[in-house]
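Atoms within a ligand are numbered from 1 in the order they appear, just like the ligands themselves.
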Amino acid sequence: MISFTVMGSSVVSRLFFLVLVSMTSARDDGLARTPPMGWMAWERFRCETNCTDNPKNCISEELFRDMADRLSEDGWRELGYKYLIIDDCWMSTQRDKEGRLQPDPVRFPGGIPRLARYVHDRGLKLGIYADLGTHTCMGFPGTPLNKIQVDAQTFASWGVDYLKFDGCYSNAVEHMLGYPVMSEALNATGRPIVYSCSWPVYQGGLPPDINYTLLGEICHLWRNYVDIQDSWDSVEGIIDWFFNNQDDLQPAAGPGRWNDPDMLIIGNFGLSVDQARSQMALWAIMASPLIMSNDLRDLDPAMRAILQNKLVIAINQDPAGFQGRRLLKEKSGIQVFWRPLSHSYIALVFLSLRRDMPYRYSTCLSKLNISAGVYQVYDVFKSSTLPQINSTTDFTVTINPSGVVMWLIAPETQTRSEFRGQRSPIGGFTLF
Ligand SMILES: *[C@@H]1O[C@H](CO)[C@@H](O)[C@H](O)[C@H]1NC(C)=O
Ligand SMILES: *[C@@H]1O[C@H](CO)[C@@H](O)[C@H](O)[C@H]1NC(C)=O
Ligand SMILES: *[C@@H]1O[C@H](CO)[C@@H](O)[C@H](O)[C@H]1NC(C)=O
Ligand SMILES: *[C@@H]1O[C@H](CO)[C@@H](O)[C@H](O)[C@H]1NC(C)=O
Ligand SMILES: *[C@@H]1O[C@H](CO)[C@@H](O)[C@H](O)[C@H]1NC(C)=O
């Protein structure tokens, strides 16, 4: 507690009081019942602040208006991509005279309220970024413990709907105090604000340093692991870490509380079409937030099709909110993933980490411990129905290097008696 000697004792005891209050109240406010979807600036636009030199790609009101236009006009909003999220580098280097955060006046000439109105007028929601600490990661004004209330009030008064609360320039004790206090402060504004906590990243992401029960009570989502970069190595490393630690991470997720393996980088420069499908498929298995960071003004059609695949989105957004698991890690480099869905449907992903050529992987459902009778199979990325199989039917899938085959399977009794030829409960399509 040495780090708090600078603060008046009344502030310290008030903080502890707020921590106790929030620890006893569950985050049952009805927000983020399915993983949040939207767009965030960071991975693609970083901290470009020079609008003279790079006017179309600098962190500015205009950039976010452009992305709001695209989200609302190009079919994204209807698919669920509705949070438009500002990341670091939006601020002025100083707080205002009243001690409130303020945006850079040149890059955000209308302030955040005007941008929020623009976003809300298009049926979207606005997210913003702050950092629990002396500075943001890029050196802009931070939100130390004694500024949490005022910053929460400021964001609510601006019409903000989502807060990413980063953790640079603060220590483990400040994290333990500050993340619950911000949760309580956001709640106290009376405005529904989705709360994304970067707390676990800074403490290794695993128990005992991280208490996922507590996180589920105070945050709607949390960043567990390192920032994603625009490469397959980065995506593969993230997949590996999340599934190596699935026994700790998987039970933490559910409606209103999600692990966040970071942004979708599909549509940038680092992933092939196969690798982009792999990211989308695994993010759906993990019930991860689907937050793109790309240039929606200039998107390759094949990448757009992956991001707009209605069935993979429906699997991601399944209302049961059960995070999937890795079932098998074969020596051949093939891995098999599974996510149970509503109405006894199941999503399966076969991933190849090979670097050579398409691999023919043979198995049967009973080897995956899926053994209830006869199944209908639908290939998610090929958009085609495959022949029925039962638990002992041997089948072979051909998986491209660093690619996936993704299946939605449904018990035949279910499809026949309730849904055959009707709109499926997963995604609302006629699949079988
Ligand atoms: C923007 O970039 C130009 C050209 O590189 C440079 O002359 C100018 O000083 C930069 N402006 C700011 C605000 O950094
Ligand atoms: C505040 O928390 C309570 C208890 O969890 C919840 O019922 C309420 O909806 C929350 N209000 C807001 C604005 O988040
Ligand atoms: C984790 O947090 C929960 C909820 O606040 C609490 O009940 C539990 O005791 C904590 N677990 C540990 C190991 O501290
Ligand atoms: C199937 O279940 C058995 C027995 O519980 C277990 O040993 C095996 O690892 C499981 N296999 C898979 C692929 O989950
Ligand atoms: C399962 O399907 C195979 C053909 O794929 C068939 O030979 C077998 O009889 C079926 N088993 C059952 C129990 O239906």
Asks: Surrounding OH of Y169 (heavy atoms of other residues, nucleotides or ligands, distance under 6.0 Å), is the total greater than 12?
Replies: no

Asks: Is the number of heavy atoms from other residues, nucleotides or ligands within 6.0 Å of CD (E98) greater than 12?
Replies: yes

Asks: Ignoring hydrogens and angles, tell me if any N or O in the side chain of N309 forms a donor-acceptor pair with the backbone of V380 under 3.5 Å.
Replies: yes

Asks: Donor-acceptor pair, E184 side chain versus V181 backbone, under 3.5 Å?
Replies: no

Asks: Do any N or O atoms from the side chain of R95 and from the backbone of Q102 form a donor-acceptor pair under 3.5 angstrom?
Replies: no

Asks: With heavy-atom distances below 4.0 Å as the criterion, list the atoms of ligand 5 near T393.
Replies: 1 (C), 2 (O), 5 (O)

Asks: Mind checking what residues have non-hydrogen atoms under 4.0 angstrom from ligand 4?
Replies: L327, L328, K367, N369

Asks: For F140, enumerate each residue passing the ring pair (Phe, Tyr, Trp, His ring centres under 6.0 Å) test, keeping only those at least two apart in sequence or located in another chain.
Replies: none

Asks: Examine N390 against ligand 5 and note whether any of their N/O atoms are separated by less than 3.5 Å.
Replies: yes

Asks: For S332, is there any backbone N or O sitting under 3.5 Å from a side-chain donor or acceptor partner on Y359?
Replies: no

Asks: Please report whether ligand 2 has a polar contact with R191, defined as an N or O pair separated by less than 3.5 Å (distance criterion only).
Replies: no

Asks: Within ligand 2, which atoms have a heavy atom of G190 less than 4.0 Å away?
Replies: 13 (C)

Asks: Using only atom types and a distance under 3.5 Å, with no angle test, would you say the side chain of H220 pairs donor to acceptor with the backbone of R257?
Replies: no

